[in-house]
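Here is the naming used below: chain letters follow the sequence lines, and residue numbers restart at 1 for every chain.
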Number of protein chains: 2
Amino acid sequence: MEYYKQHPRFLVAVDCVIFGYEAGELKLLLYPRAFEPEKGKWSLMGGFVQENESACEAAHRVLAETTGMNGVFLEQVSAFSSPEREPSERVISIVHFALIRIDRFKKNRPVTASAKWWPVNNLPPLIFDHDQMADQALKRLQQKAGTTLAGSELLPSKFTLLQLRNLYEAIYQRGFDPGNFRKKMLSLNVLERLDQKNSTDSKKGAFYYKVKPNKAEKELERIVKYL
Amino acid sequence: MEYYKQHPRFLVAVDCVIFGYEAGELKLLLYPRAFEPEKGKWSLMGGFVQENESACEAAHRVLAETTGMNGVFLEQVSAFSSPEREPSERVISIVHFALIRIDRFKKNRPVTASAKWWPVNNLPPLIFDHDQMADQALKRLQQKAGTTLAGSELLPSKFTLLQLRNLYEAIYQRGFDPGNFRKKMLSLNVLERLDQKNSTDSKKGAFYYKVKPNKAEKELERIVKYL
DNA sequence: ACAAAAGTGTTTTCTCTACACCCATGA
DNA sequence: TCATGGGTGTAGAGAAAACACTTTTGT
């Protein structure tokens, strides 16, 4: 196909917006840029797509390399392709967002020795267009959490309704009525109550719940009114 | 930056899922593939991203080249990047969807001499992964039309509520109650009634409406319950 | 005793839906 | 006159929101 030959070829990257939840806050994993340009600013985890892999596979590889985690929840957000988005050389980046459990995150990797979790509502200056990437990813997460229990990817396998509500409040940056939230969530019929109770977060103790098998990815009617 | 040098470079394409509305049906503009492989199947309008343009700009250029139209509504859907998605050579494609008014579409262009509008619910076999692209684009259009009057991009500048309802029925492939649809649309406060009436579609005659200035792109509460 | 979260119930408001009904008019 | 779409009104179902209230237990 001579046809193809005449067209330019580009470096294609993946950038990962990695969400985690800790201490009642929704956080983002960033690492500091150690060299110019933009030295001192912070950056999303990224890497270049290779010959034998799709963007999705590349994102999983980057996740594995930088967090030590496999099988992470991952979804494509959008491609960023402005010719000037990186000053040194043109790179087209396909942005993904990932949800991980911070408690499972392995800190002792060389790549992430200097990485840091930042609260989404208080991010440091980011390089290039990474701030737009983070914005778009958060909107996608809000959309996702509005129709699935995507949030449960961010919590331990057993969690209380208080923890789940706090997570949703962190994702949507707003409060939810405790009673109404509980009733809504339970009415969706995707949570299973365990016999175990949590006694650390309250005096009375709250039952633990887990997501029912095969319900984690299920599209629900609507959990949160978004927009 | 020596760092960049070692990574592979890829052909990057844009493919456009071009929606139009005609004779009460939502349609897609396709053109027949004249050579192997996949000769005889139909294809989305596409082209390669050039050095000096973003994917969005490339899509606008493809739109202009193939339909003769500028300033078309265009939105990115997703990047398709599987290494095997095109058999002859690896191409990463960034899919966009476009909304155009078929009445403004110029047929007499060499590129589109053989192009054809196909009803979305009765598409011919498409090349490669173009059927998945079309599927995803339709879902995005449904989402878009659920929170904005995106649909109005597909209609003439003045339209009746019957025409608008028929369009929404075509987009969502379902019926809407005439009375309820009217009330819902009018309650959104984005339509302006004109003094003019349409007398061709009904005996009584129906008022024309237009989208109020600055309201076309506005995010609305929710027009259609999607999902 | 008190605070703080767990958990349940009630009331009010709002939206969606179905459907009845009259109007205007061309065939 | 009859069929067809234009346009308005209303009753009922169901969901969301606001909020009262009771339970439990560590401090």
Side-chain angles (χ1 to χ4, degrees), chain A residues 23-24 142 145-147 149 155 158-210 219-227, chain B residues 23-24 142 145-147 155-156 158-210 219-227:
Chain A
Q142 290 176 341
T147 52
L149 262 189
L155 289 174
K158 36 184 110 167
F159 49 85
T160 66
L161 283 166
L162 174 61
Q163 291 169 332
L164 187 61
R165 176 161 59 85
N166 285 338
L167 172 59
Y168 267 80
E169 292 180 342
I171 291 176
Y172 290 95
Q173 311 272 353
R174 53 162 283 208
F176 291 95
D177 179 278
N180 294 337
F181 185 85
R182 152 189 300 276
K183 272 177 290 185
K184 180 68 185 176
M185 279 296 170
L186 293 179
S187 74
L188 296 170
N189 196 32
V190 294
L191 294 181
E192 182 180 327
R193 200 179 82 176
L194 305 179
D195 288 330
Q196 213 174 347
K197 275 197 169 191
N198 165 311
S199 304
T200 63
D201 291 350
S202 75
K203 330 269 182 178
K204 184 176 175 182
F207 279 107
Y208 278 116
Y209 289 80
K210 67 170 186 180
E219 293 263 327
L220 305 167
E221 178 65 21
R222 190 175 55 156
I223 301 175
V224 178
K225 183 160 76 179
Y226 44 98
L227 286 182
Chain B
Q142 290 175 342
T147 51
L155 289 173
K158 35 184 112 169
F159 49 85
T160 64
L161 284 166
L162 174 60
Q163 291 168 332
L164 186 60
R165 177 162 57 87
N166 285 337
L167 171 60
Y168 267 79
E169 292 181 341
I171 291 176
Y172 290 95
Q173 310 273 355
R174 53 160 284 206
F176 290 96
D177 179 278
N180 294 336
F181 184 85
R182 151 188 302 276
K183 272 175 293 185
K184 180 70 184 172
M185 279 296 170
L186 294 178
S187 75
L188 296 171
N189 197 31
V190 294
L191 294 180
E192 181 179 328
R193 200 178 81 176
L194 306 179
D195 288 330
Q196 213 175 346
K197 276 198 168 190
N198 165 310
S199 304
T200 62
D201 291 350
S202 75
K203 331 270 182 177
K204 185 175 174 182
F207 280 107
Y208 278 116
Y209 289 80
K210 68 170 186 180
E219 293 261 327
L220 306 167
E221 178 65 20
R222 190 174 57 156
I223 302 176
V224 176
K225 184 161 74 181
Y226 44 98
L227 286 184

*Under the side chain to side chain donor-acceptor pair (under 3.5 Å) rule, collect the residues that match up with B/Thr200, sequence neighbours excluded.*
B/Asn198
*asked:* Using a 4.0 Å cut-off on heavy atoms, which residues in residues 193-207 of chain B reach DNA chain C? List them by number, or say none.
replied: B/Lys203, B/Lys204
*For A/Asp177 and C/dG9, what is the distance between atoms CG and C1' respectively, to the nearest whole Å?*
13 Å
*Sequence-distant partners of B/Glu169, salt bridge (charged side-chain N to carboxylate O under 4.0 Å, His left out), two or more places apart*: B/Arg165
*Rounded to the nearest angstrom, tell me the gap between atom CZ in B/Phe181 and atom P in D/dG6.*
12 Å
*For A/Arg182, what residues pass the side-chain contact (heavy atoms from CB on, under 4.5 Å) criterion, not counting sequence neighbours?*
A/Leu161, A/Leu186, A/Tyr209
*In chain order, what residues pass the side-chain contact (heavy atoms from CB on, under 4.5 Å) check against A/Lys197, with sequence neighbours excluded?*
A/Phe207
*Considering the terminal five base pairs at each end of the helix from C/dA1-D/dT27 to C/dA27-D/dT1, what angle separates the two local helix axes, rounded to 10°?*
10°
_Can you list everything that forms a side-chain contact (heavy atoms from CB on, under 4.5 Å) with B/Ala170? Sequence neighbours excluded, please._
B/Tyr21, B/Leu26
*Within this structure, what is the CZ-to-C1' distance between B/Arg165 and D/dT4, rounded to whole angstrom?*
12 Å
*asked:* Is any side-chain heavy atom of A/Lys210 closer than 4.5 Å to one of A/Leu191?
replied: no
*Please state how far atom CG in A/Asn166 lies from atom C1' in C/dA4, giving the value in whole angstrom units.*
13 Å
*What nucleotide among D/dG6, C/dA5, D/dC19 has an atom nearest to a side-chain atom of A/Leu162?*
C/dA5
*Who are the side-chain contact (heavy atoms from CB on, under 4.5 Å) partners of B/Lys183, not counting sequence neighbours?*
B/Asn180
*d(CG, B/Leu164; C1', D/dG7) in whole Å*: 16 Å
*Partners of A/Glu192 by side chain to side chain donor-acceptor pair (under 3.5 Å), sequence neighbours excluded?*
none
*Can you tell me the distance, in whole Å, between the CE atom of A/Met185 and the C1' atom of C/dG7?*
17 Å
*Rounded to the nearest angstrom, tell me the gap between atom CZ in A/Arg182 and atom C1' in C/dG7.*
5 Å
_N/O donor-acceptor pair under 3.5 Å between B/Tyr172 side chain and B/Gln142 backbone_ = yes
*asked:* Looking only at the side chain of A/Lys183 (C-beta and beyond, no hydrogens), which of the listed nucleotides D/dC19, C/dG9, C/dA6 gets closest?
replied: C/dG9
*To the nearest Å, how far apart are B/Asn180 CG and D/dG7 P?*
15 Å
